[in-house]
Trainee: 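Following this message is one structure expressed as structure tokens.
Side-chain atoms are counted along with the backbone in the values below, which use heavy atoms only and exclude waters and symmetry mates. The structure displayed is predicted, hence computed values, not measured ones.
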Amino acid sequence: MTQNSPTLVLPPSLSRTVAALPDKDRNRLDDTITRLHTVNGRLWDTEDRVRGALLSAAQVADCKREIDQLNAERNLLAERADEVLGSLADAGRADAPLHTETLASVIDRLSVLTLRIWHSERAAARDELARRRVPALHGQREELCAALDALVSDVVAGRRRLPVPARFKLYGRDDAAPAEIKPSRRLRRVLAFGGLSECGKSTSTEFVQRTCGAQCFKIGFLLRQAAHREGLADPYALSARRQAELLLGELNRFADAHVDTELFTIESVHDDASIAELKRLMGDALQIIYLDASFAVRVERSGTPAQAVAAKDEIKMSRGAHQVAALADHVIDNTGSIAALRARLRRIAAPPASTALRAATPYGLGLPAAVASATADFTDAVRAYGPGVRLAALTGSPGEGSWIAGWSDLDLLVIAEHEAIGRVHEALEQYRTALGGAASLGPTLVTPGELTARRLTPRLAFVLHQLQQGSPVLHAAPGLELPTISRGELAFAAVRELPQVILTTRRLRADAGPTALRQLYKHLVLACRLLLREHNQWESGPDRILAAASRMPGLTALATPSLAEISSAWRDGEAELVLKPVTVAVDQLLTWYAAQLAA
């Protein structure tokens with residue numbers, strides 16, 4: 001209310017009961033009751049305005065429309081207050097006598113009576129009738145407060161129960177069928193989250209937003225926006241089809257205005273009829289996700305009494321929230337670990353896809369004969385394991401054609417089911433034995449589930465991107481599905497990985513003897529490669545990477561010997577001949593990097 005308007009004071013027993021609610025519910029209730037009282041004040045003023053002045057027909061129509069909209073908001077706020085107040089009831093007394101109205105209805109009457117007293121007191125100076133009414137109005141308020149306190153005590157003790165608070169008020173325009181609406185071509189994918197109270201809807205949407213870049217909306221917000229745009233007072237009074245069309249219209253507007261947004265989420269799906277209509281309009285572009293958890297689990301997670309969760313469930317079930325499970329594209333049992341939930345959400349939000357990979361033999365990778373032979377034997381061994389091993393590939397320099405004997409590692413990626421990892425270990429041991437001292441093997445073992453759940457390190461994400469861009473594989477099972485990795489994702493991954501690379505480079509620089517040359521040089525190249533990704537530059541090969549990095553704004557050219565010169569000096573035991581220019585280049589890069597972040 002404004003400074004010149006009355007404050008709504010709740011009776012003492014209700015105030016004490018509300019004060020004992022959990023912080024989240026108490027704050028929500030305080031806000032809702034304050035807004036309800038404010039809306040009643042605006043209603044009073046608008047009704048006075050339409051009755052007390054000479055208005056044109058158009059002005060009267062505007063006032064009537066405003067009154068309808070305020071009444072719709074008043075009923076919505078009362079329902080919202082009852083969602084919290086209903087948790088005060090003793091859920092175990094279903095046989096208790098039914099009261100005629102909800103607690104929020106009585107509070108609403110108390111709000112109106114408070115306004116009536118305030119306006120009557122202001123009018124008393126000039127109106128004798130108003131002056132005589134003031135004492136009686138105060139008496140009415142005292143009686144209403146006493147009755148409300150007594151009702152609260154009875155409800156809490158289970159001596160009386162409350163009716164279902166849904167009001168089903170009809171405000172606004174007639175429910176006329178508009179022109180057919182279709183999804184915008186820019187509205188690519190929408191995930192709709194449903195479920196009962198404390199099932200994890202908000203947690204899930206926040207995770208999808210944070211990890212997949214989704215734009216998140218509350219269904220109530222979208223409907224209110226649509227109602228405001230079209231002059232509707234209460235969109236919930238419309239048919240399920242019309243509500244779905246309003247939702248789709250708002251999603252279309254946002255998608256058309258934000259063309260780079262690939263994914264949207266909407267919550268909370270509490271109305272099975274309207275979400276079914278939205279599914280008919282959108283088809284597979286809308287994926288309905290129902291989060292399921294037992295009542296006991298949801299009560300434990302909420303940290304509130306069981307009756308509070310039950311009261312919220314009752315409201316949602318009255319609207320059809322539990323029926324959404326039968327319509328859902330995905331029903332997730334959210335009684336397990338957060339890791340399992342997030343893995344399932346990532347597969348839904350960013351589904352894997354079949355990838356056309358380029359196969360090559362080890363002899364086609366430019367490897368020495370002994371290394372190629374040992375690699376061919378390993379490939380044959382894992383291929384013989386059947387579908388348990390999905391992919392084997394040499395990554396990094398072999399795929400880029402820059403592998404150098406005596407300098408480069410054999411970085412190996414194997415995707416295998418967890419049950420097959422033991423057999424892969426045996427094949428790796430045979431591989432190392434066959435290699436002898438010809439090369440150092442660096443295997444990375446990952447399960448298909450880890451990939452499709454996108455539990456990826458930045459380097460693994462880069463390897464998958466390289467494979468999808470045409471880097472060769474040694475073996476790939478038919479129908480292999482991999483997460484699609486975009487350049488944008490790699491640029492963000494570079495931001496996360498670069499700090500660790502810089503820290504490691506500083507550590508290596510502090511002990512920059514000849515034995516540290518190889519690691520120091522490789523980290524110099526890796527740091528430059530990550531910096532280039534942030535600048536949307538995609539170079540491969542150490543010489544080209546360092547040359548491109550030398551052109552970054554403010555960085556002095558990195559005058560290092562070529563990879564061929566450095567690797568030759570390393571193999572010949574003359575690392576000290578090239579160590580100096582490498583350390584100078586490392587110092588240049590570290591100095592430049594520190595200056596960029598200090599600016």
Trainee: Quick check: do Thr355 and Leu480 have side-chain heavy atoms less than 4.5 Å from each other?
Mentor: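 No. Closest side-chain heavy atoms not under 4.5 Å.
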Trainee: Would you indicate whether the side-chain heavy atoms of Ile275 and Leu278 approach each other to under 4.5 Å?
Mentor: yes
Trainee: Go through the steps for Ser13 and Arg16 under the test side chain to side chain contact (heavy atoms under 4.5 Å, CB included), then give the verdict.
Mentor: CA-CA 5 Å; Ser13 180; Arg16 288 192 297 270; 4.0 Å; yes
Trainee: Just by distance, do the side chain of Asp256 and the backbone of Arg186 share a donor-acceptor pair under 3.5 Å?
Mentor: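 No: the side chain of Asp256 does not pair with the backbone of Arg186.
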Trainee: Whether the side chain of Asp82 engages the backbone of Ala104 through a donor-acceptor N/O pair (distance < 3.5 Å, no angle test) should be reported.
Mentor: yes
Trainee: Tell me which donor-acceptor pairs under 3.5 Å the side chains of residues 320-331 have, and how far apart each pair is, sequence neighbours excluded?
Mentor:
from	atom 1	to	atom 2	distance (Å)
Asp329	OD1	Lys279	NZ	3.1
Asp329	OD2	Lys279	NZ	3.0
Asp329	OD2	Ile288	N	2.8
His330	NE2	Gln287	OE1	2.8

Trainee: Do you know which of Ile348, Ile289, Leu263 makes side chain to side chain contact (heavy atoms under 4.5 Å, CB included) with Val208?
Mentor: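 Looking at Ile348, Ile289, Leu263, the match for Val208 under the side chain to side chain contact (heavy atoms under 4.5 Å, CB included) is Leu263.
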Trainee: Can you name the closest pair of heavy atoms from Ala477 and Val389 and give their distance?
Mentor: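 Where Ala477 meets Val389 most closely, the heavy atoms are CB-O, 4.2 Å.
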Trainee: How long is the gap from CZ on Arg346 to OG1 on Thr211, to the nearest 0.5 Å?
Mentor: 4.0 Å
Trainee: Can you check whether Leu36 reaches Asn40 side chain to side chain, under 4.5 Å on heavy atoms?
Mentor: yes
Trainee: Just so I know, are the side chains of Leu110 and Pro11 near enough to count as touching, which here means a heavy-atom distance under 4.5 Å?
Mentor: yes
Trainee: Find the distance between CG (Leu98) and CG (Leu162) and round it off to the nearest 0.5 Å.
Mentor: 8.0 Å
Trainee: How far does CG of Leu247 sit from CZ of Arg242, to the nearest 0.5 angstrom?
Mentor: 10.5 Å
Trainee: Can you establish whether the number of heavy atoms outside Glu534 located under 6.0 Å from its atom CD is more than 12?
Mentor: yes
Trainee: Search all heavy atoms of Ala416 against all heavy atoms of Pro448 and return the closest pair with its distance.
Mentor: O-CD, 3.4 Å
Trainee: With Asp108 as reference, evaluate Arg80, Arg35, Arg74 under the salt bridge (Lys or Arg N to Asp or Glu O under 4.0 Å) test and give the passing residue.
Mentor: Arg74
Trainee: Take atom NE2 of His425 as the centre, draw a 6.0 Å sphere, and report whether it contains more than 12 heavy atoms from other residues, nucleotides or ligands.
Mentor: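 More than 12 within 6.0 Å, yes.
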Trainee: Nearest 0.5 Å please: distance from the CD1 atom of Ile315 over to the CD atom of Glu83.
Mentor: 5.5 Å
Trainee: Between Arg459 and Asp411, does any NZ, NE, NH1 or NH2 come within less than 4.0 Å of an OD or OE carboxylate oxygen?
Mentor: no
Trainee: Would a distance-only check, ignoring hydrogens and angles, find a side-chain to backbone donor-acceptor pair under 3.5 Å from Arg189 to Ala349?
Mentor: yes
Trainee: Ignoring hydrogens, what is the shortest heavy-atom contact between Glu277 and Arg280? Give both atom names and the distance.
Mentor: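 Scanning both residues, the minimum pair turns out to be OE2-NH1, 2.9 Å.
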Trainee: If you count every heavy atom of other residues, nucleotides or ligands that lies below 6.0 Å from Arg210 atom CZ, does the total exceed 12?
Mentor: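 Atom CZ in Arg210 is crowded, with more than 12 foreign heavy atoms closer than 6.0 Å.
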Trainee: Tell me the closest heavy-atom pair linking Thr304 and Pro22, and the distance in Å.
Mentor: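 That closest heavy-atom pairing would be CG2-CG, 3.4 Å.
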Trainee: In terms of side-chain heavy atoms, does Thr205 have a donor or acceptor partner in Glu267 at a distance below 3.5 Å?
Mentor: yes
Trainee: Measure the CZ-CG distance between Arg347 and Leu451 for me, rounded to the nearest 0.5 Å.
Mentor: 10.0 Å
Trainee: How far does CG of Asn334 sit from NZ of Lys201, to the nearest 0.5 angstrom?
Mentor: 10.5 Å
Trainee: I'd like to know if Glu314 and Arg161 make a salt bridge, using a cut-off of under 4.0 Å between side-chain N and carboxylate O.
Mentor: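 The answer is no: the pair does not qualify as a salt bridge.
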Trainee: Report the residues that fulfil side-chain hydrogen bond (donor to acceptor under 3.5 Å, both in side chains) with Asp23, sequence neighbours left out, ordered by chain and then residue number.
Mentor: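 Partners of Asp23 under the side-chain hydrogen bond (donor to acceptor under 3.5 Å, both in side chains) test: Arg26.
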Trainee: Does the pair Glu250/Arg253 count as a salt bridge with the N-to-O cut at 4.0 Å?
Mentor: yes
Trainee: Any idea which heavy atoms bring Pro6 and His37 closest together, and the distance?
Mentor: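 Closest approach of Pro6 to His37, heavy atoms only: O-NE2, 3.1 Å.
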Trainee: Check whether any side-chain heavy atom of Val414 sits under 4.5 Å from a side-chain heavy atom of Pro443, and report yes or no.
Mentor: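 They are not in contact (no side-chain heavy atoms under 4.5 Å apart), so the answer is no.
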Trainee: Counting only N and O atoms by type, is there a donor-acceptor contact under 3.5 Å from the side chain of Gln468 to the main-chain atoms of Pro483?
Mentor: yes
Trainee: Sort out for me which residue in Val463, Ile415, Leu413 forms a side chain to side chain contact (heavy atoms under 4.5 Å, CB included) with Thr444.
Mentor: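 Of Val463, Ile415, Leu413, side chain to side chain contact (heavy atoms under 4.5 Å, CB included) with Thr444 is met by Leu413 alone.
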Trainee: Are any of the side-chain heavy atoms of Val152 and Val156 separated by less than 4.5 Å?
Mentor: yes
Trainee: Yes or no on salt bridge (charged side-chain N to carboxylate O under 4.0 Å, His left out) for Arg319 and Asp271, after CA distance, side-chain angles and deciding distance?
Mentor: CA-CA 5 Å; Arg319 300 168 183 165; Asp271 181 354; over 6 Å; no
Trainee: Determine whether His99 and Val155 satisfy the following criterion, side chain to side chain contact (heavy atoms under 4.5 Å, CB included), listing intermediate values before the conclusion.
Mentor: CA-CA 9 Å; His99 193 62; Val155 166; over 6 Å; no
Trainee: Side-chain contact, heavy-atom cut-off 4.5 Å: Arg487 with His465?
Mentor: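 Contact flag for Arg487/His465 side chains = yes.
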Trainee: What's the verdict on side chain to side chain contact (heavy atoms under 4.5 Å, CB included) for Arg454 and Ile485, showing C-alpha distance, side-chain angles and the deciding distance?
Mentor: CA-CA 10 Å; Arg454 289 182 173 255; Ile485 310 296; 3.8 Å; yes
Trainee: Using every non-hydrogen atom in the two residues, find where Glu497 and Pro458 come nearest and quote the distance to one decimal.
Mentor: OE1-CB, 3.4 Å
Trainee: For residues Ser197 and Asp313, is any side-chain donor paired with an opposing acceptor at under 3.5 Å?
Mentor: yes
Trainee: May I ask you to decide whether Arg423 forms a salt bridge with Glu426, counting only side-chain N to carboxylate O separations under 4.0 Å?
Mentor: no
Trainee: State plainly whether the residues Arg455 and Glu450 are in salt-bridge range, i.e. N to O under 4.0 Å.
Mentor: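 Here Arg455 does not pair with Glu450 in a salt bridge, since their nearest N and O are not under 4.0 Å apart.
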Trainee: Run the side chain to side chain contact (heavy atoms under 4.5 Å, CB included) test on Leu456 and Glu489 for me, step by step, so that the C-alpha distance in whole Å, both residues' side-chain angles and the decisive distance to 0.1 Å come before the verdict.
Mentor: CA-CA 11 Å; Leu456 311 174; Glu489 289 177 85; over 6 Å; no
Trainee: Test: ring pair (Phe, Tyr, Trp, His ring centres under 6.0 Å). Region: residues 190-227. Which pairs qualify, not counting sequence neighbours?
Mentor: Phe217-Phe254
Trainee: Any side-chain heavy atom of Asp292 sitting closer than 4.5 Å to one from Leu196?
Mentor: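 Counting from C-beta outward, Asp292 and Leu196 never come under 4.5 Å.
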Trainee: Is the side chain of Arg188 donor-acceptor paired with the backbone N or O of Thr261 at a distance under 3.5 Å, no angle test?
Mentor: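 Side chain of Arg188 to backbone of Thr261, a donor-acceptor pair under 3.5 Å: yes, one is there.
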